[in-house]
Amino acid sequence: MYEFYPLLIVGAIISLFATAFILAYVFMKDKKEAIGFDRDMKDSEIIRRLLKYAKPYAKNFIFVLILMIFSIAHEIISPLILGELTDTVGSSEGFELSYLYTTIAVYVSILIVSLVSTYIQSIILQKTGQRIVSNIREDLFAHIESLSHDQLNKIPVGTLVTRVTNDTNAISITFTNIMVNLIKNCFIIIGVLTAMLMLNYMLTLMILCFVPFVVIFTVIFRKFSRRAHRKVKDGTTDINIFLSENLSGMKIIQIFNRENRKMSEFEEKNQRLGKAKFGQIFVFGIFRPMVYMLYISSVLCLFYLGARGYITDTKFLGQAIDAGVIVSFYLFISKFFNPIQNLAEQFNRLQATFASSEKIYKILDIVPEVVDEPDAIELDHIEGNIEFKNVWFAYIEGEWVLKDVSFKVNAGDTVAFVGSTGSGKTTILSLICRNYDIQKGEILIDGINIRKIKISSLRRHFGQMLQDVFLFSGTIRSNITLGLDGVSDEEIDAACKYVNADKFIGKLENGLDEVVRERGNNFSAGQRQLISFARTIVHKPAVMILDEATANIDTETEVLIQDSLERMMNIGTMLMVAHRLSTIQHADNIIVLSHGRIVEQGNHQELLKQKGNYYRLYTLQVAKQTGKIPVPEI
């Protein structure tokens with residue numbers, strides 16, 4: 001019995017490590033809420049949803065699996081060939097040099113077939129994986145586009161950028177590497193075990209004694225690894241949100257000399273991410289050496305039993321152990337534990353995929369608040385008649401922004417909304433386009449409830465010109481057309497002339513092809529506004545919406561814009577919000593709002609005669625312009 005003491009000592013040491021890991025696992029399991037370890041989606045659910053994207057490429061994956069059989073042939077057959085060769089070369093009888101050459105030729109042939117199969121397999125996987133990830137990224141972006149303004153306001157831009165870029169890149173590894181290699185390594189393990197059992201089942205059983213410990217270490221590692229990956233993903237998202245906001249507001253940071261403060265905040269977030277990554281490395285740095293320890297222990301046991309059997313000429317549990325068996329098993333053990341170590345590394349990456357997938361599906365699972373009704377219709381043309389019937393609306397439940405608002409706008413009329421900040425002017429314009437849905441009442445376009453009209457069809461007939469004009473990186477031409485098909489250069493030129501944008505565009509070196517930098521920061525506020533006017537005209541809307549379009553515009557540009565507005569009033573229905581009352585004096589109807597209710601209606605002269613809210617606003621602005629009394633901004 002004493003001859004097995006070394007094996008028992010090895011087993012005791014491994015058991016000690018296993019006990020320590022089990023205790024750590026039990027402690028973490030009890031305290032998982034305290035350390036932020038939460039699970040919203042099961043692994044099986046994530047895998048099921050990912051496989052939906054892989055289903056159209058099933059033929060590619062089947063072909064890869066066939067190639068895999070050839071690629072793993074070398075892993076299984078080569079130890080048997082080398083073991084047989086060892087016995088033959090060591091034999092004093094019957095050895096011929098031709099046999100050596102033949103064996104080497106067979107070995108090299110198998111190796112070449114394996115390498116070629118692996119190369120083709122990698123090419124197919126990379127192409128297929130990138131197509132799948134592109135589909136996921138497109139679905140994610142399309143879903144983000146379908147969210148309402150309220151939902152988008154609740155999600156930081158940096159978070160959405162991280163989901164579409166970083167997280168989808170993490171998923172790409174699953175289809176290009178992890179998924180197939182997991183299957184490949186499982187095949188190798190099964191093939192190696194089968195070959196070992198056929199060669200010497202008793203030694204195989206000895207090696208299998210180490211498998212339960214591998215399973216224990218893997219299960220424990222899975223828990224710690226998922227938590228570490230979650231922290232890394234959260235830290236990455238946090239930094240992206242910080243960068244997205246602060247890089248956009250860098251001018252304000254510099255103006256108020258807050259660079260050091262922001263740098264401190266960034267360092268804190270960066271250190272938090274670094275700590276999370278160190279924790280990730282630490283977890284994996286413990287697991288892989290544990291698996292390697294099992295590998296070395298099995299090799300030591302093999303050598304111990306083989307050397308003892310060779311020296312004493314004894315058998316292990318009834319089976320002889322010769323030099324060829326030892327060589328074959330030594331190679332088999334390496335090929336048995338290497339896939340296990342690879343499985344650990346791939347499982348480590350798989351945790352990153354699951355963490356990223358879960359975050360992506362949290363975005364995809366957001367149900368859009370503003371959607372088409374089942375019986376929604378297409379509108380090829382609208383006249384521009386608009387009616388609000390007892391409309392109530394609140395951004396936050398119970399805090400009403402609009403209270404029982406009712407009014408009519410006739411087709412072709414120009415209607416202006418005025419009132420103090422927070423009175424509901426901009427909200428009304430947003431509701432007409434269904435950027436938000438009302439809680440009570442009805443909004444009608446040409447007598448049709450806007451809920452019964454498809455959103456894309458409804459918005460196609462509206463042109464919105466906002467105070468904060470957003471220009472995309474590209475050219476003036478691309479910002480005017482926004483990718484609209486069938487727009488000729490003549491139409492673009494005509495639109496620019498119509499809104500007086502041609503006066504500054506004609507002075508640019510490249511004209512309509514002048515480069516527009518990020519957010520149009522190489523153009524003035526007035527120039528950006530004129531470009532937005534041209535953009536609206538090109539899209540030929542039936543109803544035009546102007547929200548503070550003349551705010552913060554210099555006097556010279558305001559003259560151009562006022563002329564443009566007067567021209568656009570003749571195109572169709574126009575809805576305006578303006579603090580400068582001089583821009584709306586010619587409106588057919590002016591609606592005065594206060595605290596979410598309509599308090600006055602009428603044209604400019606009628607409202608002045610009433611000497612109500614509008615009269616006071618107008619008097620204050622005239623007094624401010626003439627400089628007779630100091631008046632705060634309205």
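Every heavy atom of this structure was used, including side-chain atoms; hydrogens, water molecules and symmetry mates were not.
Salt-bridge check for R48 with E45: passed, with a basic side-chain N closer than 4.0 Å to an acidic carboxylate O. Taking 4.0 Å as the cut-off between side-chain N and carboxylate O, K359 and D234 count as a salt-bridged pair. With salt bridges taken as basic N to acidic carboxylate O contacts below 4.0 Å, none links K497 and D493. The pair D372-K454 does not count as a salt bridge, with every side-chain nitrogen at least 4.0 angstrom from each carboxylate oxygen. Ion pairing between a basic and an acidic side chain is recognised when a charged N comes within 4.0 Å of a carboxylate O; K269 and E265 show no such pairing. Here E442 does not pair with K452 in a salt bridge; the nearest charged N to carboxylate O distance is not below 4.0 Å. For the pair R272 and D238, the salt-bridge criterion is met [side-chain N within less than 4.0 Å of a carboxylate O].
A 4.5 Å side-chain heavy-atom check between Y436 and S430 finds at least one atom pair inside the cut-off. The shortest distance between side-chain heavy atoms of V164 and I363 does not fall below 4.5 Å.
Other residues, nucleotides and ligands contribute over 12 non-hydrogen atoms within 6.0 Å of the NZ atom of K403. When the shell of 6.0 Å around NZ of K408 is examined, it contains 12 or fewer heavy atoms from other residues, nucleotides or ligands.
Defined by atom type and a distance below 3.5 Å, a donor-acceptor pair is present between the side-chain atoms of K503 and N500. Between the side chains of N169 and R137, at least one donor N or O lies within less than 3.5 Å of an accepting N or O. In summary, the side chains of T475 and D513 do not present any donor paired with an acceptor at a separation below 3.5 Å, with no hydrogens or angles considered. S532 and Q529 form a side-chain donor-acceptor contact under 3.5 Å, judged by distance and modelled atom types alone. With no hydrogens or angles considered, no side-chain donor-acceptor pair links S423 and R597 at under 3.5 Å. Judged purely by distance below 3.5 Å, without hydrogens or angles, the side chains of D139 and Y53 pair a donor atom with an acceptor atom. Side-chain atoms of N589 and Q601 form a donor-acceptor pair, as typed in the model, at a separation below 3.5 Å.
Between the side chain of E600 and the main chain of Y614, a donor-acceptor pair closer than 3.5 Å is present. No donor-acceptor distance shorter than 3.5 angstrom exists from the side chain of D413 to the backbone of V415, with no hydrogens or angles considered. Of the possible donor and acceptor atoms, none in the side chain of N270 sits under 3.5 Å from a partner among the backbone N and O of F266. Listed for the S406 side chain is a donor-acceptor partner under 3.5 Å among the backbone atoms of N390. Under a 3.5 Å cut-off, the side chain of E399 and the backbone N or O of I396 do not form any donor-acceptor pair. A donor-acceptor pair under 3.5 Å links the side-chain atoms of E491 to the main chain of S488, judged by distance alone. Between the side chain of H461 and the backbone N or O of I382, no donor-acceptor pair lies under 3.5 Å. No side-chain donor-acceptor contact under 3.5 Å links E387 to the backbone of I445. Side-chain atoms of R528 do not come within 3.5 Å of backbone N or O of F470 as any donor-acceptor pair. The main-chain N or O of H604 is never found under 3.5 Å from a side-chain atom of K609 such that the two would form a donor-acceptor pair.
Exactly one of D150, L147, N435, I455 qualifies for a side chain to side chain contact (heavy atoms under 4.5 Å, CB included) with V370. That residue is I455.
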Determine, stepwise, if the pair K262 / E267 fulfils salt bridge (charged side-chain N to carboxylate O under 4.0 Å, His left out).
CA-CA 9 Å; K262 290 299 179 181; E267 285 180 355; over 6 Å; no
Determine whether D167 and T162 satisfy the following criterion, side chain to side chain contact (heavy atoms under 4.5 Å, CB included), listing intermediate values before the conclusion.
CA-CA 6 Å; D167 290 326; T162 302; 3.9 Å; yes
* To do: Evaluate side chain to side chain contact (heavy atoms under 4.5 Å, CB included) for V391 paired with D404, printing each intermediate quantity in order.
  => CA-CA 5 Å; V391 171; D404 197 27; over 6 Å; no
Carefully, step by step, assess Y618 and N613 under the rule side-chain hydrogen bond (donor to acceptor under 3.5 Å, both in side chains). CA-CA 9 Å; Y618 183 75; N613 288 37; over 6 Å; no
Check your understanding: Going through the checks in order, is the side chain to side chain contact (heavy atoms under 4.5 Å, CB included) test met by D437 and R451?
Key -> CA-CA 9 Å; D437 270 341; R451 290 180 182 270; 3.6 Å; yes
Worksheet item: Step by step, would you call F462 with T573 a side chain to side chain contact (heavy atoms under 4.5 Å, CB included)?
Response: CA-CA 10 Å; F462 286 88; T573 306; over 6 Å; no
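Atom CD1 of I531 and atom OG1 of T536 lie 12.0 Å apart (nearest 0.5 Å). Note: I453 CD1 to E373 CD = 11.5 Å, rounded to the nearest 0.5 Å. To the nearest 0.5 Å, atoms CG (L512) and CZ (R477) are separated by 5.0 Å. Distance check: I46 CD1 to S357 OG gives 5.5 Å after rounding to the nearest 0.5 Å. Going from atom OH of Y615 over to atom CG of L620 covers 10.0 Å, rounded to the nearest 0.5 Å. In this structure, OG1 on T353 lies 9.5 Å from CD1 on I360, to the nearest 0.5 angstrom.
I480 and C496 make their closest contact through CD1-SG, 3.7 Å (heavy atoms, listed as atom of the first residue, atom of the second, distance). Between V499 and L530 the shortest heavy-atom distance is O-CD2, 3.3 Å. Taking each heavy atom of I438 and F393 in turn, the nearest pair found is CA-CD1, 3.9 Å. Minimum interatomic distance between F523 and V515 (heavy atoms only, all atoms of both residues): CE1-O, 4.0 Å. What you find for N385 and A411 is that their closest heavy atoms are OD1-N, 2.9 Å.
Taking the six-membered ring where the residue is Trp, F407 and F417 present perpendicular rings, their angle passing 60° and hence far from 30°.
Judged by the 6.0 Å and 45° rule, R131 forms no cation-pi pair with Y57.
For an aromatic pair to be called close, the ring centres must be under 6.0 Å apart, and Y361 with F354 fails this.
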